[in-house]
**Student:** 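One structure is given below, represented as C-alpha coordinates, and several questions about it will come after.
These figures come from a predicted structure and were not determined experimentally.
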Amino acid sequence: LSATEQYYTARGTLSTTSGTPGQGGLRNYTTNDISWNSMLRATATKLYRSLLSTTSVAYQLENDTFNNFNAGGYILNVNGVPDLAALAQTSLSVGSTLNVERTTDYMVSQSFNLKDRYIVDGLYRRDGSSLFGPNARWSNFYRIAGAYRITQDFHIPGFQELKVHVAQGTAGLRPTYDMQYETYTIGNGQFSKNTVGNKNLAAAVLTETEYGINCDVLNRVSGELTYANRVTDGAFLQVPLSLAASGGFNSQWQNAANILSKTLEGALQTRLVDKRSFTWDLSLTADHTTQEITSMDHAPFTVSAGGQGQGVFWYQAGQPLGVIYGTKWVHTFAQLLDNPANAGAQASDYVVNPLGYLVLASQRGTANEVPIPYVDKTGANKFIIGNVNPNLNYGFQNDVRWGQFAIHANFDGQMGGDIYNFSKQWMTQDLRNPGMDMVGKAQDQKVADNFFTLGIYNGLDPDQYYVESGA
(Lines give C-alpha, C1' and ligand atoms only; values in the text may rest on other atoms or scores of the structure.)
Protein backbone atom coordinates (compact mmCIF):
# COMPACT_ATOMS: atom_id res chain seq x y z
CA LEU A 1 0.00 0.00 0.00
CA SER A 2 2.84 2.40 0.83
CA ALA A 3 6.39 2.66 -0.49
CA THR A 4 9.38 4.97 -0.24
CA GLU A 5 12.30 4.99 -2.64
CA GLN A 6 15.53 6.93 -2.86
CA TYR A 7 17.84 7.24 -5.87
CA TYR A 8 21.29 8.56 -4.99
CA THR A 9 24.27 9.18 -7.26
CA ALA A 10 27.50 10.26 -5.56
CA ARG A 11 29.50 13.24 -6.80
CA GLY A 12 32.25 12.14 -9.13
CA THR A 13 30.35 9.16 -10.54
CA LEU A 14 31.43 8.70 -14.16
CA SER A 15 28.82 9.34 -16.85
CA THR A 16 27.82 6.23 -18.80
CA THR A 17 27.87 8.22 -22.07
CA SER A 18 30.71 10.74 -21.78
CA GLY A 19 32.83 9.05 -19.10
CA THR A 20 33.31 12.35 -17.25
CA PRO A 21 32.71 12.79 -13.48
CA GLY A 22 29.22 14.02 -12.65
CA GLN A 23 27.87 16.36 -9.97
CA GLY A 24 25.77 13.69 -8.30
CA GLY A 25 22.05 13.60 -7.71
CA LEU A 26 19.32 12.61 -5.29
CA ARG A 27 15.58 11.99 -5.59
CA ASN A 28 13.12 10.73 -2.98
CA TYR A 29 9.75 9.14 -3.78
CA THR A 30 6.79 8.51 -1.46
CA THR A 31 3.83 6.52 -2.76
CA ASN A 32 0.52 5.57 -1.16
CA ASP A 33 -1.92 3.36 -3.04
CA ILE A 34 -5.08 2.55 -1.10
CA SER A 35 -7.80 0.34 -2.58
CA TRP A 36 -10.91 -1.06 -0.97
CA ASN A 37 -13.82 -2.91 -2.46
CA SER A 38 -17.15 -3.88 -0.94
CA MET A 39 -19.91 -6.13 -2.22
CA LEU A 40 -23.37 -7.03 -1.03
CA ARG A 41 -24.91 -10.11 -2.65
CA ALA A 42 -28.15 -12.01 -2.16
CA THR A 43 -28.90 -15.36 -3.81
CA ALA A 44 -32.07 -17.41 -3.88
CA THR A 45 -32.44 -20.95 -5.22
CA LYS A 46 -35.60 -22.96 -5.80
CA LEU A 47 -36.16 -26.45 -7.18
CA TYR A 48 -39.37 -26.85 -9.21
CA ARG A 49 -39.46 -30.62 -9.79
CA SER A 50 -36.69 -31.02 -12.41
CA LEU A 51 -35.97 -27.32 -12.82
CA LEU A 52 -33.42 -25.59 -10.58
CA SER A 53 -33.73 -21.80 -10.51
CA THR A 54 -31.00 -19.54 -9.12
CA THR A 55 -31.53 -15.79 -8.76
CA SER A 56 -28.84 -13.40 -7.60
CA VAL A 57 -28.62 -9.65 -7.06
CA ALA A 58 -25.47 -7.76 -6.10
CA TYR A 59 -24.13 -4.30 -5.38
CA GLN A 60 -20.40 -3.54 -5.60
CA LEU A 61 -18.38 -0.45 -4.77
CA GLU A 62 -14.74 0.00 -5.79
CA ASN A 63 -12.43 2.75 -4.52
CA ASP A 64 -8.81 3.43 -5.39
CA THR A 65 -6.67 6.39 -4.32
CA PHE A 66 -3.11 6.71 -5.65
CA ASN A 67 -0.92 9.47 -4.18
CA ASN A 68 2.71 10.02 -5.15
CA PHE A 69 5.17 12.77 -4.21
CA ASN A 70 8.79 13.17 -5.25
CA ALA A 71 11.52 15.73 -4.73
CA GLY A 72 15.16 15.88 -5.74
CA GLY A 73 17.89 17.53 -7.77
CA TYR A 74 20.91 16.85 -9.95
CA ILE A 75 23.68 18.80 -8.19
CA LEU A 76 25.02 17.70 -4.78
CA ASN A 77 26.95 20.35 -2.83
CA VAL A 78 28.18 17.77 -0.31
CA ASN A 79 29.20 14.22 -1.06
CA GLY A 80 28.21 11.26 1.10
CA VAL A 81 25.10 13.02 2.50
CA PRO A 82 21.91 11.60 0.93
CA ASP A 83 19.78 14.48 2.18
CA LEU A 84 17.68 16.91 0.16
CA ALA A 85 19.32 19.79 2.03
CA ALA A 86 22.62 18.86 0.36
CA LEU A 87 21.27 19.71 -3.10
CA ALA A 88 21.93 22.98 -4.90
CA GLN A 89 18.73 25.03 -4.91
CA THR A 90 19.04 25.77 -8.63
CA SER A 91 18.74 22.03 -9.40
CA LEU A 92 15.73 21.28 -7.20
CA SER A 93 12.45 20.00 -8.66
CA VAL A 94 9.31 18.46 -7.21
CA GLY A 95 6.43 16.45 -8.64
CA SER A 96 3.22 14.86 -7.45
CA THR A 97 0.36 12.67 -8.64
CA LEU A 98 -3.12 12.18 -7.21
CA ASN A 99 -5.55 9.74 -8.84
CA VAL A 100 -8.94 9.03 -7.28
CA GLU A 101 -11.14 6.38 -8.93
CA ARG A 102 -14.67 5.33 -7.95
CA THR A 103 -16.83 2.63 -9.52
CA THR A 104 -20.36 1.49 -8.64
CA ASP A 105 -21.91 -1.70 -10.06
CA TYR A 106 -25.45 -3.12 -9.87
CA MET A 107 -26.00 -6.70 -11.04
CA VAL A 108 -28.86 -9.16 -11.34
CA SER A 109 -28.57 -12.68 -12.75
CA GLN A 110 -30.90 -15.59 -13.35
CA SER A 111 -30.06 -19.18 -14.29
CA PHE A 112 -32.19 -22.26 -14.99
CA ASN A 113 -30.95 -25.84 -14.96
CA LEU A 114 -33.36 -28.43 -16.29
CA LYS A 115 -32.58 -32.05 -15.40
CA ASP A 116 -28.86 -31.16 -15.32
CA ARG A 117 -29.04 -31.23 -19.13
CA TYR A 118 -30.25 -27.86 -20.36
CA ILE A 119 -28.70 -24.78 -18.80
CA VAL A 120 -29.69 -21.17 -19.46
CA ASP A 121 -28.07 -18.19 -17.77
CA GLY A 122 -28.65 -14.42 -18.04
CA LEU A 123 -27.14 -11.34 -16.42
CA TYR A 124 -27.79 -7.61 -16.45
CA ARG A 125 -25.22 -5.16 -15.11
CA ARG A 126 -25.20 -1.38 -14.73
CA ASP A 127 -21.79 0.23 -14.18
CA GLY A 128 -20.90 3.76 -13.23
CA SER A 129 -17.29 4.92 -13.12
CA SER A 130 -15.45 8.18 -12.49
CA LEU A 131 -13.09 7.19 -15.33
CA PHE A 132 -15.78 7.96 -17.90
CA GLY A 133 -16.57 11.50 -19.02
CA PRO A 134 -19.18 13.48 -17.00
CA ASN A 135 -21.75 13.05 -19.79
CA ALA A 136 -21.24 9.28 -20.03
CA ARG A 137 -20.82 8.07 -16.44
CA TRP A 138 -23.15 5.06 -16.68
CA SER A 139 -23.31 2.08 -19.04
CA ASN A 140 -25.47 -1.04 -19.26
CA PHE A 141 -24.18 -4.54 -20.04
CA TYR A 142 -25.68 -8.01 -20.40
CA ARG A 143 -24.87 -11.67 -20.86
CA ILE A 144 -27.02 -14.59 -22.02
CA ALA A 145 -25.72 -18.13 -22.30
CA GLY A 146 -26.98 -21.65 -22.87
CA ALA A 147 -25.52 -25.14 -22.72
CA TYR A 148 -26.69 -28.65 -23.57
CA ARG A 149 -25.11 -31.78 -22.04
CA ILE A 150 -25.64 -34.27 -24.85
CA THR A 151 -24.35 -37.29 -22.94
CA GLN A 152 -27.12 -36.88 -20.36
CA ASP A 153 -29.65 -37.82 -23.08
CA PHE A 154 -27.62 -40.08 -25.37
CA HIS A 155 -25.10 -42.79 -24.58
CA ILE A 156 -21.96 -42.34 -26.69
CA PRO A 157 -19.34 -45.11 -26.24
CA GLY A 158 -16.12 -43.78 -24.70
CA PHE A 159 -17.59 -40.36 -23.82
CA GLN A 160 -18.23 -39.41 -20.22
CA GLU A 161 -19.17 -35.83 -21.15
CA LEU A 162 -20.09 -34.06 -24.35
CA LYS A 163 -21.44 -30.54 -24.01
CA VAL A 164 -22.10 -27.74 -26.45
CA HIS A 165 -22.50 -24.16 -25.32
CA VAL A 166 -23.15 -20.71 -26.77
CA ALA A 167 -23.06 -17.29 -25.16
CA GLN A 168 -23.28 -13.62 -26.02
CA GLY A 169 -22.54 -10.72 -23.76
CA THR A 170 -21.14 -7.24 -23.45
CA ALA A 171 -18.45 -5.76 -21.25
CA GLY A 172 -17.12 -2.25 -20.77
CA LEU A 173 -13.48 -1.37 -21.25
CA ARG A 174 -12.47 1.53 -19.00
CA PRO A 175 -10.20 4.39 -20.06
CA THR A 176 -7.15 5.33 -18.01
CA TYR A 177 -7.42 8.06 -15.41
CA ASP A 178 -6.22 10.98 -17.52
CA MET A 179 -8.05 10.31 -20.80
CA GLN A 180 -11.14 12.44 -20.05
CA TYR A 181 -9.20 15.49 -18.82
CA GLU A 182 -7.31 18.39 -20.33
CA THR A 183 -3.61 17.77 -19.74
CA TYR A 184 -0.61 20.08 -19.68
CA THR A 185 3.13 19.82 -19.20
CA ILE A 186 5.26 22.30 -17.29
CA GLY A 187 8.79 23.19 -18.32
CA ASN A 188 10.88 26.13 -17.13
CA GLY A 189 7.80 27.56 -15.47
CA GLN A 190 5.78 27.50 -18.70
CA PHE A 191 2.58 25.53 -19.38
CA SER A 192 2.24 23.59 -22.64
CA LYS A 193 -1.07 22.14 -23.84
CA ASN A 194 -1.24 18.40 -24.54
CA THR A 195 -4.64 16.71 -24.77
CA VAL A 196 -8.02 18.44 -24.80
CA GLY A 197 -10.64 17.00 -22.45
CA ASN A 198 -13.59 14.88 -23.55
CA LYS A 199 -16.75 15.03 -21.40
CA ASN A 200 -18.41 12.44 -23.64
CA LEU A 201 -15.72 9.76 -23.29
CA ALA A 202 -17.68 6.55 -22.67
CA ALA A 203 -16.87 2.92 -22.07
CA ALA A 204 -15.62 1.00 -25.08
CA VAL A 205 -18.26 -1.72 -25.38
CA LEU A 206 -17.01 -5.20 -26.20
CA THR A 207 -19.70 -7.55 -27.57
CA GLU A 208 -18.61 -11.17 -27.68
CA THR A 209 -20.38 -14.16 -29.20
CA GLU A 210 -18.87 -17.51 -28.28
CA TYR A 211 -19.52 -21.07 -29.45
CA GLY A 212 -17.85 -24.07 -27.86
CA ILE A 213 -17.78 -27.79 -27.29
CA ASN A 214 -16.38 -29.73 -24.31
CA CYS A 215 -15.74 -33.43 -23.95
CA ASP A 216 -14.34 -36.00 -21.51
CA VAL A 217 -13.21 -39.20 -23.20
CA LEU A 218 -12.03 -42.61 -21.93
CA ASN A 219 -11.88 -41.31 -18.35
CA ARG A 220 -8.52 -39.87 -19.26
CA VAL A 221 -8.72 -37.08 -21.82
CA SER A 222 -10.56 -33.73 -21.63
CA GLY A 223 -10.85 -31.33 -24.52
CA GLU A 224 -12.39 -27.98 -25.38
CA LEU A 225 -12.74 -26.10 -28.65
CA THR A 226 -14.04 -22.52 -28.68
CA TYR A 227 -14.69 -19.91 -31.34
CA ALA A 228 -15.22 -16.29 -30.26
CA ASN A 229 -16.27 -13.29 -32.32
CA ARG A 230 -15.61 -9.95 -30.58
CA VAL A 231 -16.67 -6.49 -31.70
CA THR A 232 -15.34 -3.50 -29.78
CA ASP A 233 -17.52 -0.47 -30.35
CA GLY A 234 -15.97 2.89 -29.48
CA ALA A 235 -12.36 1.81 -28.89
CA PHE A 236 -10.14 4.48 -27.34
CA LEU A 237 -7.87 6.34 -29.76
CA GLN A 238 -5.64 9.33 -29.09
CA VAL A 239 -6.66 11.29 -32.17
CA PRO A 240 -4.28 13.98 -33.52
CA LEU A 241 -5.83 17.47 -33.71
CA SER A 242 -5.08 20.65 -35.61
CA LEU A 243 -3.49 23.11 -33.19
CA ALA A 244 -5.40 25.99 -34.75
CA ALA A 245 -8.78 24.23 -34.56
CA SER A 246 -8.31 22.88 -31.01
CA GLY A 247 -6.96 26.00 -29.35
CA GLY A 248 -3.39 24.71 -29.11
CA PHE A 249 -4.05 21.12 -27.98
CA ASN A 250 -2.37 18.42 -30.07
CA SER A 251 -4.71 15.46 -29.48
CA GLN A 252 -7.85 14.13 -27.79
CA TRP A 253 -8.88 10.73 -26.52
CA GLN A 254 -12.05 9.66 -28.32
CA ASN A 255 -14.28 6.62 -28.80
CA ALA A 256 -13.15 6.70 -32.40
CA ALA A 257 -12.88 3.16 -33.76
CA ASN A 258 -14.65 -0.18 -34.06
CA ILE A 259 -12.52 -3.32 -33.93
CA LEU A 260 -13.40 -6.86 -34.99
CA SER A 261 -11.53 -9.75 -33.40
CA LYS A 262 -11.93 -13.47 -34.10
CA THR A 263 -10.35 -16.20 -31.99
CA LEU A 264 -10.23 -19.97 -32.35
CA GLU A 265 -8.76 -21.72 -29.33
CA GLY A 266 -8.40 -25.27 -28.17
CA ALA A 267 -7.26 -27.08 -25.04
CA LEU A 268 -6.46 -30.71 -24.34
CA GLN A 269 -5.71 -32.27 -20.95
CA THR A 270 -4.69 -35.84 -20.25
CA ARG A 271 -2.93 -37.98 -17.65
CA LEU A 272 -0.01 -39.64 -19.42
CA VAL A 273 1.05 -41.71 -16.44
CA ASP A 274 -1.19 -42.73 -13.55
CA LYS A 275 0.58 -44.83 -10.95
CA ARG A 276 0.39 -44.87 -7.20
CA SER A 277 3.77 -43.19 -6.70
CA PHE A 278 4.07 -41.36 -10.01
CA THR A 279 1.64 -39.26 -12.07
CA TRP A 280 2.17 -37.02 -15.06
CA ASP A 281 -0.55 -34.64 -16.32
CA LEU A 282 -0.11 -32.84 -19.63
CA SER A 283 -2.11 -29.86 -20.94
CA LEU A 284 -1.86 -28.47 -24.46
CA THR A 285 -3.30 -25.11 -25.48
CA ALA A 286 -3.35 -23.23 -28.77
CA ASP A 287 -5.15 -20.22 -30.20
CA HIS A 288 -5.26 -18.10 -33.34
CA THR A 289 -6.55 -14.52 -33.30
CA THR A 290 -7.16 -11.94 -36.02
CA GLN A 291 -7.91 -8.27 -35.33
CA GLU A 292 -9.09 -5.62 -37.76
CA ILE A 293 -10.09 -1.98 -37.49
CA THR A 294 -13.46 -2.08 -39.26
CA SER A 295 -14.22 1.65 -39.01
CA MET A 296 -12.56 4.76 -37.68
CA ASP A 297 -13.83 8.31 -37.21
CA HIS A 298 -10.57 9.85 -38.37
CA ALA A 299 -8.11 9.81 -41.24
CA PRO A 300 -5.37 7.15 -40.93
CA PHE A 301 -2.53 8.03 -38.56
CA THR A 302 0.39 6.49 -36.66
CA VAL A 303 0.29 5.61 -32.97
CA SER A 304 3.16 5.55 -30.50
CA ALA A 305 4.33 2.32 -28.88
CA GLY A 306 5.75 4.27 -25.93
CA GLY A 307 9.35 5.40 -25.78
CA GLN A 308 9.60 8.99 -27.00
CA GLY A 309 6.34 9.03 -28.91
CA GLN A 310 7.55 7.57 -32.22
CA GLY A 311 4.58 6.60 -34.41
CA VAL A 312 5.24 2.91 -34.99
CA PHE A 313 1.70 1.47 -35.41
CA TRP A 314 -0.55 2.33 -38.34
CA TYR A 315 -4.26 2.83 -37.65
CA GLN A 316 -6.53 2.69 -40.70
CA ALA A 317 -9.99 1.28 -41.32
CA GLY A 318 -9.72 -2.08 -43.07
CA GLN A 319 -6.20 -2.77 -41.75
CA PRO A 320 -5.23 -5.27 -39.03
CA LEU A 321 -4.76 -3.84 -35.55
CA GLY A 322 -1.06 -4.09 -34.78
CA VAL A 323 0.65 -3.40 -38.11
CA ILE A 324 4.04 -1.66 -37.92
CA TYR A 325 4.55 1.33 -40.20
CA GLY A 326 7.80 2.93 -41.31
CA THR A 327 10.66 3.21 -43.79
CA LYS A 328 11.83 0.48 -46.13
CA TRP A 329 15.32 0.33 -47.62
CA VAL A 330 16.33 -0.44 -51.20
CA HIS A 331 17.96 -3.85 -51.64
CA THR A 332 17.92 -4.24 -55.43
CA PHE A 333 18.29 -1.99 -58.45
CA ALA A 334 14.76 -2.92 -59.54
CA GLN A 335 13.44 -1.48 -56.26
CA LEU A 336 15.43 1.71 -56.88
CA LEU A 337 13.71 2.16 -60.26
CA ASP A 338 10.26 2.05 -58.60
CA ASN A 339 10.94 5.66 -57.60
CA PRO A 340 10.03 7.82 -60.62
CA ALA A 341 12.83 10.21 -59.65
CA ASN A 342 15.37 7.45 -60.45
CA ALA A 343 14.15 6.75 -63.99
CA GLY A 344 17.56 7.70 -65.44
CA ALA A 345 19.65 5.71 -62.94
CA GLN A 346 22.37 3.38 -64.25
CA ALA A 347 22.84 -0.06 -62.68
CA SER A 348 26.62 0.30 -62.98
CA ASP A 349 26.51 3.18 -60.47
CA TYR A 350 25.22 0.95 -57.67
CA VAL A 351 26.34 -2.14 -55.77
CA VAL A 352 24.88 -4.31 -53.01
CA ASN A 353 26.95 -4.03 -49.83
CA PRO A 354 27.79 -6.98 -47.51
CA LEU A 355 24.65 -6.26 -45.44
CA GLY A 356 22.39 -6.66 -48.47
CA TYR A 357 21.58 -2.97 -49.08
CA LEU A 358 21.91 -1.18 -52.41
CA VAL A 359 24.36 1.75 -52.15
CA LEU A 360 26.21 4.05 -54.53
CA ALA A 361 29.28 2.29 -55.87
CA SER A 362 31.31 5.49 -55.39
CA GLN A 363 30.49 5.46 -51.65
CA ARG A 364 30.94 1.77 -50.98
CA GLY A 365 33.47 1.19 -48.18
CA THR A 366 33.70 4.89 -47.28
CA ALA A 367 32.30 7.00 -44.42
CA ASN A 368 29.73 8.37 -46.89
CA GLU A 369 28.08 4.98 -47.51
CA VAL A 370 24.40 5.11 -46.52
CA PRO A 371 21.29 3.06 -47.34
CA ILE A 372 18.70 4.37 -49.81
CA PRO A 373 15.08 4.80 -48.59
CA TYR A 374 12.56 2.98 -50.76
CA VAL A 375 9.96 5.04 -52.66
CA ASP A 376 7.25 3.32 -54.67
CA LYS A 377 5.74 4.28 -58.03
CA THR A 378 3.19 6.58 -56.37
CA GLY A 379 5.84 8.50 -54.46
CA ALA A 380 4.95 6.95 -51.07
CA ASN A 381 7.89 6.54 -48.69
CA LYS A 382 6.18 4.96 -45.65
CA PHE A 383 4.84 1.41 -45.67
CA ILE A 384 3.59 -1.45 -43.54
CA ILE A 385 6.79 -3.19 -42.45
CA GLY A 386 5.50 -5.71 -39.90
CA ASN A 387 2.58 -7.17 -37.99
CA VAL A 388 2.71 -8.00 -34.29
CA ASN A 389 -0.13 -10.54 -34.50
CA PRO A 390 1.17 -14.14 -34.34
CA ASN A 391 -0.24 -16.88 -36.54
CA LEU A 392 -0.47 -19.21 -33.54
CA ASN A 393 0.05 -19.08 -29.79
CA TYR A 394 0.71 -22.40 -28.08
CA GLY A 395 1.55 -23.76 -24.66
CA PHE A 396 2.51 -26.96 -22.84
CA GLN A 397 1.83 -27.40 -19.13
CA ASN A 398 3.27 -30.36 -17.24
CA ASP A 399 2.42 -31.43 -13.69
CA VAL A 400 4.55 -34.29 -12.41
CA ARG A 401 4.23 -35.94 -8.98
CA TRP A 402 6.80 -38.42 -7.76
CA GLY A 403 6.18 -39.53 -4.22
CA GLN A 404 6.24 -36.39 -2.08
CA PHE A 405 7.77 -34.25 -4.83
CA ALA A 406 5.75 -32.19 -7.31
CA ILE A 407 7.01 -30.32 -10.36
CA HIS A 408 5.11 -27.83 -12.51
CA ALA A 409 6.66 -26.84 -15.85
CA ASN A 410 5.08 -24.41 -18.30
CA PHE A 411 6.30 -23.75 -21.83
CA ASP A 412 4.68 -21.29 -24.22
CA GLY A 413 5.53 -19.73 -27.54
CA GLN A 414 4.22 -18.34 -30.77
CA MET A 415 4.51 -18.89 -34.50
CA GLY A 416 4.73 -15.78 -36.65
CA GLY A 417 4.28 -12.21 -35.49
CA ASP A 418 6.85 -9.41 -35.46
CA ILE A 419 8.35 -7.18 -32.79
CA TYR A 420 9.97 -3.78 -33.16
CA ASN A 421 13.36 -3.56 -31.43
CA PHE A 422 13.51 0.04 -30.20
CA SER A 423 16.33 -0.92 -27.81
CA LYS A 424 18.50 -1.89 -30.76
CA GLN A 425 17.67 1.40 -32.50
CA TRP A 426 18.76 3.36 -29.42
CA MET A 427 21.97 1.32 -29.30
CA THR A 428 22.67 2.29 -32.92
CA GLN A 429 22.71 5.96 -31.94
CA ASP A 430 25.21 5.18 -29.16
CA LEU A 431 27.39 2.96 -31.42
CA ARG A 432 26.45 -0.14 -29.41
CA ASN A 433 24.38 -2.04 -31.96
CA PRO A 434 26.01 -5.52 -32.23
CA GLY A 435 25.45 -5.40 -36.00
CA MET A 436 27.95 -2.52 -36.20
CA ASP A 437 30.82 -4.66 -34.92
CA MET A 438 33.23 -5.19 -37.83
CA VAL A 439 36.05 -6.78 -35.82
CA GLY A 440 37.48 -9.82 -37.56
CA LYS A 441 35.84 -9.09 -40.91
CA ALA A 442 37.81 -8.72 -44.11
CA GLN A 443 38.35 -5.12 -45.19
CA ASP A 444 36.08 -5.47 -48.21
CA GLN A 445 33.29 -6.79 -45.95
CA LYS A 446 33.33 -3.90 -43.50
CA VAL A 447 30.69 -1.18 -43.36
CA ALA A 448 31.41 2.21 -41.75
CA ASP A 449 29.58 3.41 -38.63
CA ASN A 450 27.93 6.22 -40.59
CA PHE A 451 25.94 3.67 -42.58
CA PHE A 452 24.14 2.92 -39.32
CA THR A 453 24.14 6.26 -37.47
CA LEU A 454 23.27 8.43 -40.51
CA GLY A 455 21.12 5.85 -42.28
CA ILE A 456 19.77 2.81 -40.49
CA TYR A 457 19.24 4.78 -37.25
CA ASN A 458 16.73 6.86 -39.26
CA GLY A 459 16.46 9.64 -36.69
CA LEU A 460 14.74 7.14 -34.34
CA ASP A 461 11.81 6.88 -36.76
CA PRO A 462 10.62 3.30 -37.41
CA ASP A 463 12.26 1.36 -40.23
CA GLN A 464 12.34 -2.25 -41.35
CA TYR A 465 15.90 -2.93 -40.08
CA TYR A 466 14.57 -3.14 -36.51
CA VAL A 467 11.58 -5.40 -37.28
CA GLU A 468 12.36 -8.86 -35.92
CA SER A 469 10.54 -12.16 -35.64
CA GLY A 470 8.57 -12.60 -32.43
CA ALA A 471 8.57 -16.38 -32.71
Side-chain angles (χ1 to χ4, degrees), residues 37 60-64 66 99-107 123-145 167-183 194-210 227-241 246 249-263 265 287 289-306 311-323 387-389:
N37 300 331
Q60 180 173 286
L61 183 64
E62 304 173 27
N63 293 267
D64 183 79
F66 177 84
N99 292 349
V100 180
E101 300 177 15
R102 299 287 185 268
T103 301
T104 302
D105 305 321
Y106 301 93
M107 293 168 284
L123 177 141
Y124 169 79
R125 178 174 181 144
R126 182 166 173 79
D127 290 357
S129 176
S130 62
L131 296 177
F132 305 143
N135 298 337
R137 284 281 192 251
W138 291 90
S139 297
N140 301 317
F141 306 101
Y142 73 90
R143 182 191 74 238
I144 185 168
Q168 179 170 299
T170 58
L173 306 179
R174 298 175 185 173
T176 58
Y177 180 82
D178 61 315
M179 286 185 181
Q180 64 176 300
Y181 299 112
E182 289 185 356
T183 63
N194 284 337
T195 58
V196 65
N198 187 352
K199 294 183 178 181
N200 298 312
L201 189 67
V205 179
L206 172 65
T207 302
E208 178 174 330
T209 304
E210 181 179 289
Y227 171 79
N229 184 90
R230 304 179 185 92
V231 177
T232 302
D233 184 17
F236 306 117
L237 290 185
Q238 189 173 10
V239 176
L241 299 176
S246 63
F249 292 94
N250 55 41
S251 63
Q252 182 185 47
W253 286 99
Q254 300 177 4
N255 300 105
N258 294 335
I259 299 171
L260 173 64
S261 173
K262 299 179 180 180
T263 299
E265 57 184 341
D287 68 80
T289 299
T290 60
Q291 302 180 92
E292 180 184 333
I293 301 174
T294 55
S295 63
M296 195 167 72
D297 299 335
H298 196 275
F301 63 97
T302 57
V303 177
S304 169
V312 63
F313 293 117
W314 181 244
Y315 280 14
Q316 180 180 354
Q319 288 289 345
L321 181 66
V323 292
N387 188 332
V388 302
N389 297 292

**Student:** Of the non-hydrogen atoms in Ala204 and Asn255, which two are nearest, and what is the gap between them?
**Tutor:**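 Between these two residues, the closest heavy atoms are N-ND2, 4.3 Å.
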**Student:** According to ring pair (Phe, Tyr, Trp, His ring centres under 6.0 Å), who are the partners of Tyr227, at least two apart in sequence or on a separate chain?
**Tutor:**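 Tyr227 satisfies ring pair (Phe, Tyr, Trp, His ring centres under 6.0 Å) with no other residue.
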**Student:** Is there a donor-acceptor pair closer than 3.5 Å between any side-chain N or O of Ser246 and the backbone N or O of Phe249?
**Tutor:**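 Between the backbone of Phe249 and the side chain of Ser246 there is a qualifying donor-acceptor contact (under 3.5 Å).
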**Student:** So do Lys199 and Pro134 actually touch side chain to side chain, heavy atoms under 4.5 Å?
**Tutor:**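 The answer is yes, as the side chains (C-beta and beyond) meet within the 4.5 Å cut-off.
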**Student:** First locate atom OG1 of Thr104, then atom CG of Asp127, and finally report the distance between them rounded to the nearest 0.5 Å.
**Tutor:**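 Nearest 0.5 Å value for the OG1-CG distance: 9.0 Å.
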**Student:** Pairing donors with acceptors under 3.5 angstrom, does anything connect the side chains of Arg230 and Thr263?
**Tutor:**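 On atom types as modelled, these side chains qualify, holding a pair under 3.5 Å.
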**Student:** Minimum heavy-atom separation for Thr103 and Ser129, please, with both atom names.
**Tutor:**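 Nearest pair, atom of Thr103 first, then Ser129: OG1-OG, 3.5 Å.
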**Student:** Please check if any side-chain donor atom of Asn258 sits under 3.5 Å from a side-chain acceptor atom of Ser295, or the reverse.
**Tutor:**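 A donor-acceptor contact under 3.5 Å links the two side chains.
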**Student:** Roughly how far, to the nearest 0.5 Å, is CG of Leu173 from CG of Leu206?
**Tutor:**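 The CG atom of Leu206 sits 5.5 Å away from the CG atom of Leu173.
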**Student:** Would you call Arg174 and Glu62 a salt bridge, using N to O less than 4.0 angstrom?
**Tutor:**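 The answer is yes: the pair qualifies as a salt bridge.
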**Student:** Can Leu321 and Tyr315 be said to form a side-chain contact (heavy atoms from CB on, under 4.5 Å), step by step?
**Tutor:** CA-CA 7 Å; Leu321 181 66; Tyr315 280 14; 3.7 Å; yes
**Student:** With no hydrogens and no angle check, just 3.5 Å: does a side-chain donor-acceptor pair link Tyr142 and Gln168?
**Tutor:**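 The answer is yes; a qualifying pair exists.
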**Student:** What I want to find out is whether Asp105 reaches Arg125 closely enough, with some N-O distance under 4.0 Å, to be called a salt bridge.
**Tutor:**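 Answer for the salt bridge query: yes.
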**Student:** Which value, rounded to the nearest 0.5 Å, describes the distance between Tyr177 atom OH and Phe66 atom CZ?
**Tutor:**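 Answer rounded to 0.5 Å: 11.5 Å.
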**Student:** If I compare all heavy atoms of Ala299 with all of Met296, which pair ends up nearest, and what's the gap?
**Tutor:**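 The answer is O-CE, 3.7 Å.
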**Student:** Decide yes or no for Thr294 and Ile259: does some side-chain heavy atom of the first lie under 4.5 Å from some side-chain heavy atom of the second?
**Tutor:**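 Not in contact.
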**Student:** Quick check: closest heavy atoms across Arg126 and Asn140, and the distance to 0.1 Å?
**Tutor:**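 In terms of heavy atoms, the two residues are closest at NH1-OD1, 2.8 Å.
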**Student:** Is a side-chain N or O of Gln252 found less than 3.5 angstrom from the main chain of Gly197, in a donor-acceptor match?
**Tutor:**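 Between the backbone of Gly197 and the side chain of Gln252 there is a qualifying donor-acceptor contact (under 3.5 Å).
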**Student:** Are side-chain heavy atoms of Trp314 and Val303 found at a separation under 4.5 Å?
**Tutor:**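 Side chain of Trp314 against side chain of Val303, heavy atoms only: no contact under 4.5 Å found.
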**Student:** Would you indicate whether the side-chain heavy atoms of Phe313 and Val388 approach each other to under 4.5 Å?
**Tutor:**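 The answer is yes; the side chains approach within 4.5 Å.
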**Student:** Is the shortest side-chain heavy-atom distance between Leu260 and Asn229 below 4.5 Å?
**Tutor:**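 They are in contact (side-chain heavy atoms under 4.5 Å apart), so the answer is yes.
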**Student:** Within a strict 4.5 Å, meaning less than it, do heavy atoms of the Thr232 and Ser261 side chains meet?
**Tutor:**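 A side-chain contact under 4.5 Å is absent here.
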**Student:** Would you check if Thr195 and Gln238 make a side-chain contact, meaning some heavy-atom pair closer than 4.5 Å?
**Tutor:**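 Thr195 reaches Gln238 side chain to side chain.
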**Student:** I'd like to check the salt bridge (Lys or Arg N to Asp or Glu O under 4.0 Å) partners of Arg143; sequence neighbours left out, ordered by chain and number.
**Tutor:**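 Salt bridge (Lys or Arg N to Asp or Glu O under 4.0 Å) check on Arg143 returns Asp121.
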**Student:** Could you go step by step and tell me if Val196 and Leu241 meet the side-chain contact (heavy atoms from CB on, under 4.5 Å) rule?
**Tutor:** CA-CA 9 Å; Val196 65; Leu241 299 176; 3.6 Å; yes
**Student:** Are the side chain of Gln180 and the backbone of Trp253 linked by a donor-acceptor contact shorter than 3.5 Å?
**Tutor:**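 It does not hold such a pair.
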**Student:** Side chains of Val100 and Ser130: closer than 4.5 Å at any heavy-atom pair?
**Tutor:**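 When only atoms from C-beta onward are counted, Ser130 and Val100 do not touch, as no gap falls below 4.5 Å.
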**Student:** Without hydrogens or angle criteria, can the side chains of Gln291 and Asn389 be said to hold a donor-acceptor pair below 3.5 Å?
**Tutor:**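 Gln291 vs Asn389: donor-acceptor pair found between side chains.
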**Student:** Give a yes-or-no answer on whether the side chains of Thr207 and Thr170 include a donor-acceptor pair shorter than 3.5 Å.
**Tutor:**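 Result is no, nothing qualifies.
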**Student:** Which atom pair, heavy atoms only, marks the closest approach of Gln254 to Asn198?
**Tutor:**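 Minimum heavy-atom contact is CA-ND2, 3.9 Å.
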**Student:** For the residue pair His298 and Phe301, does the interplanar ring angle fall in the parallel (under 30°), tilted (30 to 60°) or perpendicular (over 60°) class?
**Tutor:**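 His298 and Phe301: perpendicular rings.
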